[in-house]
Amino acid sequence: MTADRTSALLEDLNEEQSEAVLYQSGPLVVVAGAGSGKTRVLTRRIAYLIAQGVLPEQILAITFTNKAAQEMKSRIYELIGETASGMWISTFHSACVRILRRHAGRIGFTPSFSIYDDSESRRLIELVIAHLNMDHKRYSARAISHIISASKNDMYSPASYLGKASNEFEKSVAAIFFEYQKRLRDANAFDFDDLLLKTVELLKSNEDLALAYQERFYHLLVDEYQDTNRAQNELVALLGAKSQNVCVVGDSDQSIYAFRGANFRNLLNFQSMFSNAKVIVLNQNYRSTQNILDAANAVIEHNESRVKKRLWSALGPGEKIKIFRAGDERYEAAFVANEIVSLAAGKITSYADIAVFYRTNAQSRAIEEALVDRNIAYKVIGGIRFFDRKEIKDILAYMRLIDNIRDEISIRRVINVPKRKIGAKALEAIERYGEENSLTFYEVLLDIDNCPLPSAARSGVKKFLGQLELLRDLRDLPPKKIMEDLLDVTSYREDLLEEADEAGPLANQAMNRLEIIDELMSVAMEHEDLESFLSSTALLSPSDDLKSGNEAVTLMTIHGAKGLEFDAVFLTGMEESLFPHDRAMSDPEELEEERRLCYVGITRARKYLYLTHTYTRTIFGRTLDSLPSRFLRELPKDLVVDMSIHAVRASDTFRDAALFTDEPEGVIFGMGNASAMAGSRYSYSDIASRSYAEKTFTGSNRNHTKADVRRDHTPGEMNPFKVRDVDEINLFRVGDKISHARYGQGVVKSITGSDGDKVAVISFLDHKERKFLLAAAPIKLLQ
DNA sequence: GCATCACATGTTTTT
DNA sequence: CATGTGATGC
């Protein structure tokens, strides 16, 4: 390669980055802090390798999500063009599926195996528990599936799990584990964990294959290595054993998936796996302002078990971090929405540069409502996957069966969809017959004439099998064609159309489902063959739904935000028990993971960072007082500005009123937004744009029923303000700006009654009007 | 076998 | 709160 092209690849790289790109061969660890340009390093390194004569086929690049893989692919295409095709850039799971599809026969599966997601695997475990006559209360499928999954992530087989089982419970779990694996095999199916595990197993038990892949993937590059689990780590060890050309990139401070088996020590211990691995550290951050980095550094330094490092930026201090404390989650949401309006009116040109993060998906709702109110386009990433919807699962089950008729879970799912008179009783009879004659579920269906059943159910089964027979002939057609035919053959679409024609509340739902089916159809069109369609739909995650370029604010969990960046970031729900989450607070290791999560959240922001929290929050129907997150306390005071309203903080009801004692430097919330607020008020009832906002909502189809009117203020619960006398009451005039302890800022619309009975109607930021007795309302005049 | 209702139940993060 | 499950009645 010419010196020119090399220097083009190194352009705008710093010394360490260049070193990582150029490092010739042998194991390499790039310890890459947040925003330190690791994707740039990875893509340039790949381009450089190819320029050096490495064939694209010899490169395997592993990313964390399909979305990240897509991103990396397109960036490499930009660098080297078509040469890049032929290179494997995928997630661990997708890569394993590709390998398994080729060699499944070697481990007793066929290439058309099904992939069970969590809910399907749990369903199978339920069946096993019932089959073994175990008490389903004592052995909940949820808990057992957790245990089995964790064991698999640690590479335990049923036998080795039994070996270390020390009590009755664990022995029973082992029994379930054994039967579960048998049923998976009978169904020709892998669960998510098996995709990794069985690939390792395949390569370990077939030296020729191991050698072939070791030679084929002469260069291995793995991103986000801190989030690999044991199986993934072993796979890397296995594939890299011969060439030793393994480059892993990661940041142990950003390890946030321990709950599903990830172990950041895989990154720290990489050198013990590949001795004489070269270590390169990237500490310069190109993303965020120094204030944001200082905040992130300060928080993460509270973790005991970590390797010390400090990010720095050349971008200057930038703005301070804004803290806001709201009465409740609706006010918090109103604040976020208002700030977004004001950001978009000035500092930030596109909604796409703004993101709102939260710890749990359930928190999105209040924020969505506030955004809808202000007519701000948004998209929610995560929550329930598109592919988790009922109708999608039904159709996919049929498509799977066309490929893999032994798939018991899919058979059970659709054998009676549409209705074929095969109910619970019939299924029981089929199971019993199978047990008595040692037949798998599918084998009983083939022998249905001999199975004792009501005749209606028997002919239902025959009808089902007949339809499948018909559909299986279409196996080699494009997935879109298959899907169309199956909708016809099963009358699935017809039934929905009928339902949609009928009047009543169901019609709307049916219409909605038809639309969703159309969406699936367009996904099917992107694939040429059934198996590629099935593989990719099985492995897509909610974050893969993220479409770029949309002019919309992004809402997602902090987990979902990994690897992304935005000009402005709102970290909401910064409260004890929520973030750090209740379930993580008692265990120091889990608490440190929460802190890493916080670190990840903070470092997503380029320029503007907001941290918000509330006085009270309603979770699962209960309203609870909330305390500020300990992570807020860990922020150096000189980096933050408190935008909360003084009146609210004066309350002695709240134990932590002294958390931020500095005078706020910023304007009291709302002042800067007055015009924006007035503007949005008129667009509130704009139905057309509202439905746009809902359309952009890609995650689920939750309806936006406004949360019902809030219960009236309960005396004593939160009334930090004393009862007023007549003189004080008379200070309030129509048009006055006030702030309310719970609902925040508002304007007095009218006052009726006299003296101590005066009642004010106040309009709040959420555009709702509420009535208050002036003598007692927890409000305070502003200005 | 299926629809409907009441109740309970469990709720972090996700490849 | 919202979803799922279980019991009841048709």
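Not measured: the values here are computed from a predicted model. Order of the sequence lines sets the chain letters (A, B, ...), proteins ahead of strands, with each chain counted from 1.
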**Request:** Pick out which of A:Glu575, A:Glu594, A:Glu576 makes a salt bridge (Lys or Arg N to Asp or Glu O under 4.0 Å) with A:Arg630.
**Result:** A:Glu576

**Message:** Testing A:Arg123, A:Arg400, A:Lys393 one by one against A:Asp117 for a salt bridge (Lys or Arg N to Asp or Glu O under 4.0 Å), which residue passes?
**Reply:** A:Lys393

Less than 4.0 angstrom between a side-chain N/O of [X] and OP1 or OP2 of [N], yes or no?
| X | N | answer |
| --- | --- | --- |
| A:Asn229 | B:dT15 | no |
| A:Arg260 | B:dT12 | no |
| A:Arg583 | B:dT13 | no |
| A:Thr65 | B:dT14 | no |
| A:Asn361 | B:dT14 | yes |

**Message:** Can you check the distance between C:dG4 and B:dT13, where both ends of the measurement are the P atom (answer in whole Å)?
**Reply:** 15 Å

**Prompt:** Using atom P of each nucleotide, how far apart are B:dT11 and C:dG6 to the nearest Å?
**Reply:** 15 Å

**Request:** State whether the aromatic ring of A:His559 stacks on the base of B:dT13, taking stacking to mean ring centres under 5.5 Å apart and ring planes under 30° to each other.
**Result:** no

**Asked** With centres under 5.5 Å and planes under 30° as the test, does A:Phe259 stack with B:dT12?
**Response** no

Side chain of [X], heavy atoms from C-beta onward: which of [options] has the nearest atom to it?
| X | options | result |
| --- | --- | --- |
| A:Lys419 | B:dC2, B:dT11, B:dG1 | B:dC2 |
| A:Arg142 | B:dT11, B:dT12, B:dG1 | B:dT11 |
| A:Asn416 | B:dG1, B:dC2, B:dT15 | B:dC2 |
| A:Arg365 | B:dT15, B:dT11, C:dC1 | C:dC1 |

**Asked** Going by heavy atoms in the side chains, are A:Leu184 and A:Phe190 under 4.5 Å from each other?
**Response** no

Please report, rounded to the nearest Å, how far the [atom2] atom of [N] is from the [atom1] atom of [X].
| X | N | atom1 | atom2 | result |
| --- | --- | --- | --- | --- |
| A:Asn66 | B:dT14 | CG | P | 15 Å |
| A:Glu590 | B:dT13 | CD | C1' | 11 Å |
| A:Arg122 | C:dG4 | CZ | P | 11 Å |
| A:Glu126 | C:dT5 | CD | C1' | 10 Å |
| A:His146 | B:dT11 | NE2 | P | 10 Å |
| A:Ile558 | B:dT12 | CD1 | P | 15 Å |
| A:Gln226 | B:dT15 | CD | C1' | 14 Å |
| A:Ile381 | B:dT13 | CD1 | C1' | 16 Å |

**Message:** Base, sugar-phosphate or nothing for A:Tyr257? Non-hydrogen atoms, less than 4.0 Å.
**Reply:** sugar-phosphate

**Message:** So A:Asp118, base contact, sugar-phosphate only, or nothing? Heavy-atom distance under 4.0 Å.
**Reply:** base

**Fill in**
The residue, A:Ile256 or A:Ala426, whose nearest nucleotide of DNA chain B is more 5′ is A:Ala426

**Request:** Would you state whether a donor and an acceptor, one from the side chain of A:His581 and one from the base of B:dT12, lie under 3.5 Å apart?
**Result:** no

**Item:** A:Lys73 atom NZ, neighbour heavy-atom count above 12 within 6.0 Å
**Value:** yes

**Item:** Heavy atoms of other groups near A:His527 NE2, more than 12 under 6.0 Å
**Value:** yes

**Message:** Within the 3.5 Å criterion, strictly below it, is a donor on A:Ser252 or A:Arg306 matched to an acceptor on the partner's side chain?
**Reply:** no

